[in-house]
Amino acid sequence: MITVAATAANTTTTISTLLAIATSFLLLLITSSPTTPKSSNYHTLFLSTSLSSNVSISNHLQALTHSPHIASSEANSQAANYVLKVFTSSNVPSHMASYHVLLSYPLSRSLLLTTTPQEPPFSFSLKQEPYKGDPYAAVSGEVVPTFHAYAKSGTAEGPVVYVNYGRVEDYLSLRKKMGVNVSGCVVLARYGKIFRGDIVKNAYDEGAVGVVVYSDRKDYGGGDDDGGRWFPDSKWLPPSGVQVGSVYQGTGDPSTPGWASSGGDGECERLTKEEVEKEGDVPLIPSLPVSGADGEKILRSIGGPVAEHDWQGSKDAPTYRVGPGPGILNLTFKGQENIASIQNVIGVIEGAEEPDRYVILGNHRDAWTFGAVDPNSGTAALLEIAQRFGKLQKQGWKPRRTIILCNWDAEEYGLIGSTEWVEENRELLASRAVAYLNSDCAVGGAGFNAMATPQLDELIKKATQQVTDPDNSSQSLYEAWTSSGTSPLIGRLGGGGSDYKPFVQHVGIPSIDLAFGGDTADYPVYHSLYDDFIWMQKFGDPMFHRHVAAASVWGLVALWLADEEFLPFDYQSYAKELQLNVKNLEDEISNKDINLSPILKSIKELEKAAIKINDQRKEIEASKGWRTWKEYQMKVRDVNDRLMMAERAFTDRDGLLGMTWHKHLIYGPTKNNDYGSQSFPGIGDAVRVAKNLQTAESWHRVQHEVWRVSRVIKHASLVLIGQLT
């Protein structure tokens, strides 16, 4: 009996011990994030040479750029199918999201120059010439004739006036320093500095009847460098090269401002042509882009005062004078606007734990011509990321949060594909999107460049520390980026240059834009016939190592955002950035009666809130061992939601004055340059108006904008704290 009892007791003890061990093991499993132990290994694998391939990226780019593929063309539909095929073959379930949008095409164009009454007018050919040995010469005829999308149809004739870059300050110099009025004239402006749509708008505001925009040899043709050589012998734009592009100043389909073009004719509310014009975003005078050679011929016909030194061209260019005349330009443009079908390609890798949280990567596909740099260097990098993600899935990786890969259409016309998708999915995105990561011209030359909302700055720096410099394998990309010994300069996303705009400025989603190369000196064949695979192969990225590095940084940031238990957002950096912005604002405002203390107070509150949420994150991490799985995950989710939603709080439902679609009050475009990004755009624009008018009412408007900004910063603080007042 004693022996039996002892044995039973020992058995009971053994079972209890085993149950305790099993329970402890289960608790260990369920109180740990399933992705955390292995995710870092997958991230290392993502960067390995076994997954990345410069050869496959090169092949993707060659396939995407074998013919011109403007939005809604058959060639662009074929490119969409190619993207869809690569996504699906990479185990990324994908579909197309189609929209019917208003697009613009040229029917006829002419430009005549009369130099003297005795001579017949000179007619410009308005053609870009294929280069000797051009492998794409056979399909170059498929390139749409040079034009400005959404340009006003009509004829303009008048004496020509040279207006430099066509900025507001250039017209001010013409009037005040040279006594030149452009009213009734056709103006000649050179590309650069500001968005082409603003060049046309500024000319209209000054009374001009037409606009001709050319690519100056000093900016795009090599100037005094390279001994006058151009593509294919050097990277520079040939004399006949023309930069085409849109002059539409809105965002998205002009016929559906603020709502999605989700149906064909009769299935979707649309503005009439007259209503579109009343919106104020399409030009009211005709315009044409021309080549550098044509621009110089026109410049030789202009007399009058000699232009200022910084208005002049390269050393062997003619002396630039401002006019008016005696040369007379006759510009005729006839366009056609149609409702056309466009296709976004959307790939979704569903998250294993938080499928309702989205990390979105985006690039557009449509191009004015062949698009080797703009945009298909980015498309090729996106396809490389999709293939690497597919290989990671085969190794057992599943993202914690959902990753969405987006290939947009009709970006060149006015960010149309991305904007329609954002407008259609606005509420879901506002409640679920963690971040949007964009790359348009992923590779246009050497040198890494980044723009971001400030809470993502440190994440970009961290990623570049993990990626090898494509131009020097002995150092990291971060070391190359900071080679001057200064902190890397990260730009802001207030401009309208690419598809991040609807995400940041309309909804308030943390965003990034990444690229190698960044200006016309790197990529002078922008939007021209010569942006082809040969240019990329010879000058942009001969070994396609920059493409690999772009995909690596882009994808690694996405992986961290998708897999990290706590979102790696840094709002203390955001607060510091805002403090610097206020200091710049103080220097800009001359009126001492403007009180900036409301903003300064709100920024201090934001900084405290950022510190508090960081402390909460540490406390939750420390409690991981003793909380139940459900309680722990609820705490993590709460912190992450507050980090995700804080950027939304920087938006205001009324938007910017005169630009109500733009809701973000911290970063936005300037009224006279859609490409330009400014901090506190509402305040900046109000200050410029007040300085011009110098009235009590105009300065009162400045103070009102100060209060508006202070309120949205306070709202962001409250979101981070997560408590009602």
Side-chain angles (χ1 to χ4, degrees), residues 60-61 64-65 69-73 75-87 92 94-103 149 245-246 248 250-254 256 260-262 340-348 358-368 371 373-386 403-426 428-429 433 435-442 493 495-507 509 511-515 527 550 554 558:
H60 287 319
L61 186 63
L64 289 161
T65 60
H69 48 287
I70 194 171
S72 87
S73 66
N76 200 39
S77 294
Q78 292 172 5
N81 287 326
Y82 181 85
V83 172
L84 184 71
K85 182 179 178 181
V86 174
F87 279 4
V92 180
S94 304
H95 66 277
M96 290 197 190
S98 298
Y99 299 94
H100 294 83
V101 302
L102 186 70
L103 299 182
S246 178
Y248 170 54
T251 309
D253 181 357
T256 61
S261 305
S262 52
S341 177
I342 62 170
Q343 292 83 35
N344 296 331
V345 184
I346 311 295
V348 181
Y358 307 149
V359 176
I360 306 169
L361 292 80
N363 152 270
H364 76 96
R365 179 185 67 258
D366 65 296
W368 289 119
V373 176
D374 183 8
N376 297 133
S377 61
T379 314
L382 186 66
L383 295 179
E384 164 76 4
I385 290 171
I403 294 176
I404 304 176
L405 307 180
C406 302
N407 186 230
W408 310 117
D409 202 352
E411 185 270 359
E412 295 294 3
Y413 277 87
L415 316 180
I416 292 179
S418 59
T419 299
E420 300 313 301
W421 191 79
V422 168
E423 288 176 345
E424 185 167 48
N425 297 285
R426 182 191 293 114
L428 275 178
L429 292 171
Y436 174 70
L437 315 177
N438 190 71
S439 189
D440 188 331
C441 305
L493 297 172
S498 194
D499 291 301
Y500 52 78
K501 183 177 182 178
F503 290 90
V504 179
Q505 297 171 31
H506 192 58
V507 182
I509 295 170
S511 297
I512 284 173
D513 187 64
L514 305 173
H527 282 194
W554 194 6

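Side chains are part of it too, since the values below use all heavy atoms of this structure and drop only hydrogens, waters and symmetry mates.
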Any side-chain to backbone donor/acceptor pair from [X] onto [Y]? Under 3.5 Å, distance only.
X: Asn344; Y: Cys406; value: no
X: Asn376; Y: Leu61; value: no
X: Trp554; Y: Leu437; value: yes
X: Glu424; Y: Ser261; value: no
X: Glu420; Y: Asp253; value: yes

Give me the atom names and distance for the closest heavy-atom approach of [X] to [Y].
X: Leu405; Y: Ala386; result: CD1-CB, 3.7 Å
X: Pro502; Y: Ser418; result: CG-OG, 3.8 Å
X: Ile346; Y: Ala97; result: CG1-CB, 4.3 Å
X: Gly495; Y: Tyr500; result: O-CE1, 3.4 Å
X: Ser377; Y: Cys441; result: OG-C, 3.6 Å
X: Ala149; Y: Trp368; result: CB-CH2, 3.7 Å

Point-to-point distance, once rounded to the nearest 0.5 Å, from [atom1] of [X] to [atom2] of [Y]:
X: Asn425; Y: Tyr358; atom1: CG; atom2: OH; result: 8.5 Å
X: Ile360; Y: Leu429; atom1: CD1; atom2: CG; result: 5.0 Å
X: Ile70; Y: Glu412; atom1: CD1; atom2: CD; result: 9.0 Å
X: Gln343; Y: Asp366; atom1: CD; atom2: CG; result: 11.0 Å
X: Gln505; Y: Thr251; atom1: CD; atom2: OG1; result: 7.5 Å
X: Ser511; Y: Phe503; atom1: OG; atom2: CZ; result: 7.5 Å

**Asked** Hey, are the side chains of Tyr99 and Asp409 touching, using non-hydrogen atoms and a 4.5 Å cut-off?
**Response**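 Counting from C-beta outward, Tyr99 and Asp409 never come under 4.5 Å.
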**Message:** Are Thr419 and Lys501 packed together at the side-chain level, in the sense that at least one heavy-atom pair is separated by less than 4.5 angstrom?
**Reply:** no
Results of side chain to side chain contact (heavy atoms under 4.5 Å, CB included) for [X] - residues two or more places apart only:
X: Ser72; result: Leu103, Tyr105, Ala340
X: Ala75; result: Ser67, His69, Ser73
X: Ala79; result: Leu64, Asn76, Arg365

**Message:** Could you go through Ile512 and Tyr436, starting from their C-alpha distance and side-chain angles, then the distance that decides it, and tell me whether this counts as side chain to side chain contact (heavy atoms under 4.5 Å, CB included)?
**Reply:** CA-CA 7 Å; Ile512 284 173; Tyr436 174 70; over 6 Å; no
**Request:** Please name the residue in the list Asp499, Asn438, Thr379 that meets the side chain to side chain donor-acceptor pair (under 3.5 Å) test with Asn363.
**Result:**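 Of the listed options, the one satisfying the test is Thr379.
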Results of side chain to side chain donor-acceptor pair (under 3.5 Å) for [X] - residues two or more places apart only:
X: Ser439; answer: none
X: Tyr413; answer: none
X: Asp440; answer: His364, Ser498
X: Ser77; answer: none

**Residues forming a salt bridge (Lys or Arg N to Asp or Glu O under 4.0 Å) with Glu423, sequence neighbours excluded** =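 With neighbours one apart ignored, the set is empty.
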**Request:** Under the ring pair (Phe, Tyr, Trp, His ring centres under 6.0 Å) rule, collect the residues that match up with Trp421, sequence neighbours excluded.
**Result:**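 Partners of Trp421 by the ring pair (Phe, Tyr, Trp, His ring centres under 6.0 Å) criterion, ordered by chain and then number, come out as Trp408.
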**Complete:** For Tyr248, the ring pair (Phe, Tyr, Trp, His ring centres under 6.0 Å) test, sequence neighbours excluded, returns Tyr150
